[in-house]
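Step one of this worksheet: look at the structure below.
Atom set for the values below is all heavy atoms of this structure, side chains included, hydrogens, waters and symmetry mates excluded. Read the numbers this way: they start at 1 and go in the same order the structure lists the ligands and their atoms.
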Amino acid sequence: MRRKIVAGNWKMNTTVPEGEMLVRELLEMLKDANPVCEIVVCPPSTHLYPVGKMTVADYYGKEQIKLGAQNCSEFVSGAYTGEVSALMLRSLSCKYVIIGHSERREYFREADDSLFHKVSRVLENGMTPVFCVGEKLEERENNREYEVVAGQIKEVLYRLKGADMEKTVIAYEPVWAIGTGRTATSDQAEEMHAFIRKIIADKFGGLSEQIPILYGGSCKPSNARELFSKPDVDGGLIGGASLSASDFTQIINSF
Ligand code: PGA
């Protein structure tokens, strides 16, 4: 069976003390839980050190929550003011790094070539990239969603070796569903997830069956169970709802 993952993308929200409080609440709510999924939180980079201290060997003696980052530099190290390298993230015990979120593609003009380098830096450092794909509203309205998502995958992931592809996680996040309250239906999600798996299989063969594909975009306690019931939906990348320990816990318990 493929591994299931629920990852919280906090985006640019919370101060450090608020973030610590959120993790404390989450650890408390999860202390007796036996979730079937891996749980990941991706706080802002300023929070990684304190949050990592709380989660990596948490005070219940287990690593219930894994640490993820929201981005990393495409460069290895050196004179790149303001950047955070993959090695730095690894040194803080990050296990996951979100790459190519639509907000980064749009507001920070991250393009395929740079995303390929970012994915490569993450893999070189033994972490798991969560590579985001997804179409915009006008692309879906023009029936271009499959072409757009296939292009995003081919331009970046097709450049990986099979051994690296095997270690990668994909998140399908239709841009029109992110932060809008408008979720893809579970059938729309399943269709796209199955399509993504096929595109991966076209290049990499059977290992596509092992790749977790997460859904993201207004996933919340009220729709998570229905989305996660679909055969190719292996969990979620959760924005807004991950800022509430109780909502996030309910989503974790939705398999
Ligand atoms: P949302 O964000 O859950 O707030 O829609 C998801 C994401 O952007 O990862």
Side-chain angles (χ1 to χ4, degrees), residues 4-14 18-19 22 26 37-45 47-48 51 65-72 94-110 115 118-119 122 127-137 139-140 145 148-149 152-153 156 168-186 188-189 192-193 196 212-228 230 233-255:
K4 312 278 184 201
I5 301 169
V6 170
N9 174 11
W10 294 5
K11 308 192 180 183
M12 197 171 73
N13 292 299
T14 75
E18 286 165 353
L22 178 54
L26 205 53
C37 62
E38 267 180 53
I39 303 165
V40 184
V41 293
C42 305
S45 53
H47 301 33
L48 290 170
V51 169
I65 300 176
K66 295 194 168 126
L67 191 62
Q70 299 175 15
N71 179 33
C72 78
C94 281
K95 300 278 169 29
Y96 289 86
V97 186
I98 300 171
I99 300 291
H101 190 283
S102 60
E103 288 150 17
R104 297 223 48 97
R105 291 176 189 261
E106 181 168 352
Y107 305 134
F108 304 96
R109 297 191 174 70
E110 290 190 356
L115 296 178
K118 289 179 183 226
V119 167
V122 172
M127 299 178 291
T128 301
V130 179
F131 182 68
C132 300
V133 297
E135 80 285 359
K136 298 183 180 144
L137 182 59
E139 292 165 339
R140 182 165 276 265
E145 66 270 33
V148 167
V149 169
Q152 291 169 334
I153 290 173
V156 177
T168 299
V169 169
I170 297 174
Y172 170 57
E173 301 205 306
V175 178
W176 46 271
I178 295 178
T180 57
R182 189 174 159 192
T183 322
T185 65
S186 57
Q188 282 173 326
M192 184 59 88
H193 284 223
I196 290 170
I213 305 178
L214 314 183
Y215 170 79
S218 300
C219 184
K220 42 190 183 255
S222 58
N223 57 28
R225 190 169 294 279
E226 169 69 19
L227 286 159
F228 298 169
K230 294 292 175 182
V233 178
D234 304 309
L237 181 54
I238 318 299
S242 71
L243 296 169
S244 151
S246 128
D247 284 1
F248 194 54
T249 304
Q250 287 179 61
I251 295 171
I252 288 162
N253 291 325
S254 294
F255 289 92

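- Counting the atoms of ligand 1 from 1 in the order shown, those under 4.0 Å from a heavy atom of G179 are 1 (P), 4 (O), 5 (O).
- Annotation: the span from E226 atom CD to C219 atom SG amounts to 11.5 Å, rounded to 0.5 Å.
- If you check each of S218, A241, C42 against atom 1 (P) of ligand 1, the one with the closest non-hydrogen atom is S218.
- Close contacts of ligand 1 with H101, meaning ligand atoms under 4.0 Å from a residue heavy atom, involve 7 (C), 8 (O), 9 (O).
- Atom 4 (O) of ligand 1 has G240 N, 2.8 Å as its closest protein atom, hydrogens excluded (heavy atom only).
- Residue contact check: A177 has heavy atoms under 4.0 Å from atoms 5 (O) of ligand 1.
- Counting atoms of ligand 1 from 1 in the listed order, those under 4.0 Å from a heavy atom of N9 are 9 (O).
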Worksheet item: Run the salt bridge (Lys or Arg N to Asp or Glu O under 4.0 Å) check on K118 and E110 step by step: do they pass?
Response: CA-CA 10 Å; K118 289 179 183 226; E110 290 190 356; 2.8 Å; yes
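- For F108, there are no ring pair (Phe, Tyr, Trp, His ring centres under 6.0 Å) partners at least two apart in sequence or on another chain.
- For the atom pair CE of M192 and CD1 of I213, the computed distance is 11.0 Å after rounding to the nearest 0.5 Å.
- Each of the following atoms of ligand 1 lies closer than 4.0 Å to a heavy atom of K11: 2 (O), 7 (C), 8 (O).
- No side-chain N or O of H101 forms a donor-acceptor pair with one of Q70 less than 3.5 Å apart.
- Given atom 3 (O) of ligand 1, the protein heavy atom at minimum distance is G239 N, 2.9 Å.
- Here Y96 pairs with nothing under the ring pair (Phe, Tyr, Trp, His ring centres under 6.0 Å) rule; sequence neighbours left out.
- Atoms of ligand 1 lying under 4.0 Å from any heavy atom of E173, numbered from 1 in the order shown and given with element: 6 (C), 7 (C), 8 (O), 9 (O).
- Rounded to the nearest 0.5 angstrom, N223 CG and S254 OG are separated by 8.5 Å.
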